[in-house]
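My questions will all concern the structure given below.
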Amino acid sequence: MTAKPETIRRSLTDGPVVQAPGGLRALVRGSEVGLVGLAIVVGCLSGLAVSGMAWTTQALHRLFYGLVADGRLSAVPSLAPAVVLSVPVIGGIVLGLAIRFGNRFRRVPGRPVVDPIEANALHGGRLSLRDSTLVALQNLISNGCGASVGLEAGYTQISAGLASRLGLGFELRRSDMRVLVGCGAAAAIAAAFDAPLTGAFYAFELIIGTYAIASLTPVVAAALVGALVSRAVLPHPAGIVLDPTPPVSPGDYLPTIGLGLICAGLGILIMQTVTLAEASVRRSGLPTLARPALGGLLIGLLAIVASPQVLSAGHGALHLNLAQEGPVLGAGALIGLFCAKALASAISIGTGFRGGLFFASLFLGAIAGKVYAVLMPPLIATALPPTTYAIVGMSSLAVAVIGGPLTMTFLALEMTGDFPVTALVLVAVIASSLTVRKTFGYSFATWRFHLRGESIRSAHDIGWIRTLTVGQMMRRDVRTVRADTTLATFRRSFPLGSASQVVAVDEVGLYAGIVLVPEAHAAPIDEQAGATRVADILRCRGDMLLPQMNAKEAAALFDRTESEALAVVESRQTARVIGLLTEKHTLRRYSEELDRQRAATVGEVG
């Protein structure tokens with residue numbers, strides 16, 4: 001059942017919002033420079049939030065697993081079995097309690113938390129800072145205990161929540177609010193990977209849903225500031241240093257396209273595996289409070305049987321597998337590691353651990369690329385080293401799961417600084433992205449929206465369509481007639497030119513159909529068989545509009561019924577007529593609103 005609009009609005013606000021002084025509000029609302037200044041503030045806050053979360057999880061890993069100061073959990077060669085089994089289970093118990101008690105602090109308990117993509121697609125950039133903080137804390141617990149989830153979901157959630165709260169304080173317009181939420185997400189990703197271009201295009205492709213000149217400066221400014229703040233607060237791991245890449249020839253592009261297609265299939269399989277894991281856990285009947293603890297036990301067993309590389313997000317494991325001095329594994333061992341990490345991620349998310357697949361998809365893609373490089377030479381001669389294919393696979397699998405072709409291309413560039421490899425990455429990423437769009441149609445985030453019943457394919461602003469309802473557009477002064485009225489009487493009451501359509505109702509006043517006035521005057525009257533009545537010429541007997549339908553749904557019904565006007569009824573159960581809506585008026589209002597939204601996107605709205 002769809003939540004009522006007032007319930008959704010309550011879930012997007014945390015109570016009274018502290019308003020900025022009037023002069024500052026006017027500066028930000030009336031000047032692009034003011035919005036850029038606010039974006040810089042968002043970048044600073046996001047950089048601090050990301051650094052704090054990263055430091056906290058690393059401290060938890062050191063505390064629970066006994067790591068050295070600069071050690072990474074997923075790069076540890078071995079761990080004590082008792083520790084690997086106990087820590088994720090205890091973390092799962094703590095997370096279950098945190099989720100249970102955290103619901104008490106939410107505005108609308110039980111409703112899914114609105115994430116940045118949904119906020120920008122449906123709610124004009126509004127999302128709850130309180131809910132976002134709870135999600136970030138749960139993500140910290142999940143990653144801190146070793147669950148196979150990344151922190152990127154928590155990073156973008158808390159940063160977008162801060163941006164949204166600032167936007168509300170400055171009473172930003174809908175279009176500016178969406179851009180500011182994109183600034184928060186851009187700064188978060190830029191700070192997480194020390195990659196400003198990656199963060200900026202993450203915002204354009206995944207959070208704002210479009211690129212426009214008006215949004216370029218604030219988004220890039222936020223991404224740059226977020227990366228600089230994070231770099232100043234917390235040391236980042238060194239970038240990936242590749243072996244000298246041989247000159248890339250035209251023949252090298254065909255193998256990379258093949259790897260992109262393979263990664264597209266693997267990405268779809270991973271997303272389906274996560275869905276299967278969630279469905280299996282739900283069908284098991286296990287109490288919600290106990291599910292993360294079970295997931296922690298299974299993850300610990302996988303870490304013992306396969307490798308500690310399945311633990312946490314996989315930052316250490318990624319650098320370990322891409323480093324020149326890293327371990328040399330055969331195809332069989334790499335395939336086993338791929339399956340173990342994919343299964344660990346599916347179990348983690350399926351049993352309720354908070355987090356996403358962003359970094360897991362990067363790590364899995366790197367493994368897939370190395371496997372491809374090991375198995376491919378008998379089929380295709382290539383001079384490129386395995387690490388190059390690992391970088392190509394990393395971006396190709398990530399774009400299949402997360403989306404954002406340019407985001408993943410720039411990530412490869414900023415991590416390696418190698419332009420010839422980046423050209424190969426771009427080709428493979430395009431092949432992977434196109435394949436997923438045409439065969440599956442969803443990224444991991446939009447796939448989860450689809451499972452919830454939300455028709456969101458991207459962050460494009462479709463919320464205005466839902467607010468442009470039939471109830472707002474309909475005409476309430478409806479002319480009605482009893483269905484048992486004779487045509488002769490009808491003609492006297494409604495002469496030609498008086499109206500185009502008249503709504504017919506039955507003897508108790510409920511909707512019966514629509515009478516076209518010209519048709520009623522043209523219909524023959526058979527006096528011998530009895531007076532012809534209005535009921536004999538009714539149209540659209542079972543087709544009616546409801547006031548909560550949006551303009552897009554109404555236009556689809558007009559197209560299906562081939563009618564120029566439809567009656568609006570209170571509900572399908574009572575069918576009491578409350579209005580009339582014409583197709584011409586619907587399309588005109590839809591077109592006007594669409595033009596207004598396009599103007600706002602390119603910055604033409606003052």
Side-chain angles (χ1 to χ4, degrees), residues 1-12 107-112 114 118 122-123 449-456 462-487 489-490 493-494 499-517 519-520 533-590 593:
M1 182 180 296
T2 304
K4 294 181 178 180
E6 61 269 19
T7 302
I8 296 175
R9 284 194 294 270
R10 286 203 309 272
S11 71
L12 302 177
R107 294 287 294 176
V108 183
R111 187 178 183 275
V114 175
E118 184 181 359
L122 298 180
H123 309 300
F449 293 144
H450 170 73
L451 295 177
R452 275 169 36 194
E454 288 283 3
S455 56
I456 304 174
I462 62 172
W464 63 270
I465 298 177
R466 298 191 176 189
T467 59
L468 186 62
T469 62
V470 169
Q472 292 178 333
M473 297 185 294
M474 69 181 184
R475 192 178 75 231
R476 296 185 178 273
D477 54 332
V478 187
R479 306 186 71 176
T480 61
V481 64
R482 285 273 299 263
D484 55 2
T485 303
T486 63
L487 276 185
T489 304
F490 179 88
S493 302
F494 300 97
S500 299
Q501 308 91 8
V502 178
V503 177
V505 296
D506 61 16
E507 60 277 3
V508 295
L510 302 183
Y511 176 71
I514 288 181
V515 186
L516 301 182
V517 174
E519 187 174 289
R533 301 186 180 277
V534 168
D536 299 327
I537 60 169
L538 291 181
R539 291 177 175 266
C540 305
R541 297 174 185 268
D543 298 309
M544 61 200 83
L545 295 169
L546 300 176
Q548 65 269 25
M549 286 182 173
N550 60 51
K552 191 173 182 179
E553 293 170 329
L557 189 57
F558 280 121
D559 187 57
R560 182 174 63 82
T561 59
E562 299 179 354
S563 175
E564 295 180 358
L566 288 172
V568 184
V569 299
E570 193 174 57
S571 68
R572 294 194 182 279
Q573 290 72 31
T574 60
R576 188 175 68 83
V577 178
I578 59 174
L580 183 75
L581 183 63
T582 64
E583 182 181 29
K584 181 179 179 180
H585 180 68
T586 302
L587 295 179
R588 185 175 71 250
R589 288 285 291 113
Y590 183 86
E593 196 66 24

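Computation of the quantities below employed the complete heavy-atom set of this structure, encompassing side-chain atoms and omitting hydrogens, waters and symmetry-equivalent molecules. Numbering starts at 1 and runs along the sequence shown.
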State the CD-CG distance between Glu553 and Leu545, to the nearest 0.5 angstrom. 10.0 Å
Quick one: pull up CZ in Arg475 and CG in Leu580 and give me the separation to the nearest 0.5 Å. 5.0 Å
Run the numbers on Val505 and Leu510 for side-chain contact (heavy atoms from CB on, under 4.5 Å), then give the verdict. CA-CA 5 Å; Val505 296; Leu510 302 183; over 6 Å; no
Verdict with reasoning, Phe490 to Val502, per side-chain contact (heavy atoms from CB on, under 4.5 Å): CA-CA 10 Å; Phe490 179 88; Val502 178; 4.0 Å; yes
Contacts of Arg476 that satisfy side chain to side chain contact (heavy atoms under 4.5 Å, CB included) - sequence neighbours left out: Met474
Nearest heavy-atom pair of Ile514 and Ala565: which atoms, and what distance? CD1-O, 3.3 Å
Can you check whether Thr480 reaches Val503 side chain to side chain, under 4.5 Å on heavy atoms? yes
For a quick test of reading the model, state the closest non-hydrogen atom pair linking Arg479 to Ser493 and the distance between them. NH2-O, 4.2 Å
For the residue pair Leu566 and Val470, establish whether any side-chain heavy-atom pair is separated by less than 4.5 Å. no
At what distance, to the nearest 0.5 angstrom, does CG of Leu546 lie from OG1 of Thr469? 11.5 Å
To the nearest 0.5 Å, tell me how far Thr485 OG1 sits from Arg533 CZ. 8.0 Å
What one should report as the nearest heavy-atom pair of Val517 and Gln501 is CG2-N, 4.3 Å
Who passes side chain to side chain contact (heavy atoms under 4.5 Å, CB included) against Asp484, sequence neighbours left out? Arg482
Val534 and Ala504 have their tightest heavy-atom pair at CG1-CB, 4.3 Å
Tell me, please, which residues at least two apart from Phe558 pass ring pair (Phe, Tyr, Trp, His ring centres under 6.0 Å). none
Please report the shortest heavy-atom distance between Met473 and Arg589, naming the atom on each side. SD-CB, 3.8 Å
Minimal heavy-atom distance between Ser563 and Glu583, with the atoms involved, is O-OE1, 3.8 Å
Test applied, salt bridge (charged side-chain N to carboxylate O under 4.0 Å, His left out); reference residue, Arg539; option that passes from Glu562, Glu564, Glu519: Glu519
Roughly how far, to the nearest 0.5 Å, is OH of Tyr511 from OG1 of Thr574? 14.0 Å
Any chance you could measure Leu581, atom CG, to Thr586, atom OG1, to the nearest 0.5 Å? 3.5 Å
